[in-house]
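One structure below.
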Amino acid sequence: MSEAEPLRGPVAQAAHEADLRIYQALAAPLGPRADRWVGRFTTLADHSKISMLTAAGFAAFGGTRGRRAAATGMVAVALTSATANAVVKPIAHRRRPLRNPDHPSGQPGISHHVSMPTSRSFPSGHTAAACAFATAVGSVWPVAGAATAVVAVAVGYSRVHVGVHYPGDVAAGALLGVGIGAVVGRYLPPRLPLR
């Protein structure tokens, strides 16, 4: 399993090979039932649906702090998604993993794989948005932030397991999301109305 993408220099080659080894380990099947669950979970994370549902719950049941956490988290998601998809992905231009280099499409019929997105691989936008949401929420409501951080880690793992990202894409997405989420969490909540 390799990628026909040119790499520059021995350091980049070594980093790619390490990324590929970790990818192969994390993308290995867990068993039919677990693989189905991971596939459904990662699909639910499409378009930040998990974050939106969580934000709706915070706003409905969390009082003033919940509304602030929800608004702060969703602003962070919007900014992070725009940055990852409109700025970083076109610049990085990294190809998605080849699931099966011997197959003409590079995609074998493995049950736990989901449809390959058409966008570039680096960084993981799903992971970036989930980490931004968790970080921004945590700035307002630390306990809720910790819970959403667990979800963000699960989102990142799921993107590798279903075969659509390398671990390096997920790590970069996490850093991007945490960075933007921290900035939004630092400057936005005091400006949100209490009512």
Side-chain angles (χ1 to χ4, degrees), residues 26 30 33-89 112 114-115 117 119-195:
L26 295 179
L30 297 172
R33 188 171 297 177
D35 289 337
R36 278 195 302 273
W37 187 91
V38 175
R40 288 172 184 155
F41 177 76
T42 206
T43 301
L44 183 62
D46 290 349
H47 309 294
S48 297
K49 289 192 290 283
I50 294 173
S51 295
M52 288 190 285
L53 290 169
T54 304
F58 289 165
F61 304 109
T64 299
R65 184 165 59 175
R67 289 190 292 276
R68 278 188 167 173
T72 305
M74 291 316 298
V75 168
V77 166
L79 291 175
T80 303
S81 295
T83 302
N85 294 309
V87 179
V88 184
K89 280 181 184 281
H112 73 283
V114 298
S115 298
S119 63
R120 290 299 182 170
S121 192
F122 184 95
S124 166
H126 285 65
T127 306
C131 288
F133 183 76
T135 303
V137 164
S139 70
V140 177
W141 194 355
V143 172
T148 54
V150 173
V151 175
V153 170
V155 168
Y157 164 75
S158 74
R159 302 307 289 169
V160 179
H161 184 71
V162 300
V164 297
H165 279 295
Y166 291 106
D169 305 331
V170 168
L175 289 173
L176 177 66
V178 167
I180 294 176
V183 171
V184 171
R186 170 69 177 83
Y187 293 105
L188 181 62
R191 293 168 173 76
L192 291 173
L194 289 172
R195 296 175 185 270

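All of these numbers come straight from a predicted model, not from anything done at the bench.
Between Ala132 and Thr80 the shortest heavy-atom distance is CB-OG1, 3.1 Å. Smallest separation of non-hydrogen atoms from Val137 and Ala69: CG2-O, 3.5 Å. When all heavy atoms are compared, the tightest approach of Ala182 to Thr135 is N-CG2, 3.5 Å. Residues Gly181 and Ala76 share a closest heavy-atom pair of CA-CB, 4.1 Å. In this structure, Ala34 and Leu30 approach most closely via the heavy-atom pair CB-CB, 3.8 Å. Nearest heavy-atom pair across Thr72 and Gly185 is CG2-CA, 4.0 Å.
Looking at Val164 and Arg159, their side chains come closer than 4.5 Å, going by heavy atoms from C-beta outward. Between Val88 and Arg120, the closest side-chain pair of non-hydrogen atoms is not below 4.5 Å. Phe41 has its side chain within reach of Val151: a pair of non-hydrogen atoms, C-beta onward, lies under 4.5 Å apart. Counting heavy atoms from C-beta outward, Lys89 and Phe122 have side chains that stay 4.5 Å or more apart.
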Could you give the side-chain donor-acceptor pairs of residues 47-59 under 3.5 Å, partners two or more places apart or in another chain?
residue : atom : partner : partner atom : Å
Lys49   : NZ   : Thr43   : O            : 3.4
Lys49   : NZ   : Asp46   : O            : 3.2
Thr54   : OG1  : Ile50   : O            : 2.8

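To the nearest 0.5 Å, atoms OG1 (Thr127) and OH (Tyr157) are separated by 13.0 Å. In this structure, CZ on Arg40 lies 14.0 Å from OG on Ser158, to the nearest 0.5 angstrom. Residue Leu176 holds its CG atom at 6.0 Å from OG1 of Thr83, rounded to the nearest 0.5 Å.
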Output, in order, the C-alpha distance, side-chain angles, deciding distance and verdict of side chain to side chain contact (heavy atoms under 4.5 Å, CB included) for Arg68 and Leu188.
CA-CA 9 Å; Arg68 278 188 167 173; Leu188 181 62; over 6 Å; no

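In this structure, His165 contributes its side chain and Val160 its backbone to no donor-acceptor pair below 3.5 Å.
Residues Arg186 and Ser139 bring no donor and acceptor atom of their side chains to less than 3.5 Å of each other.
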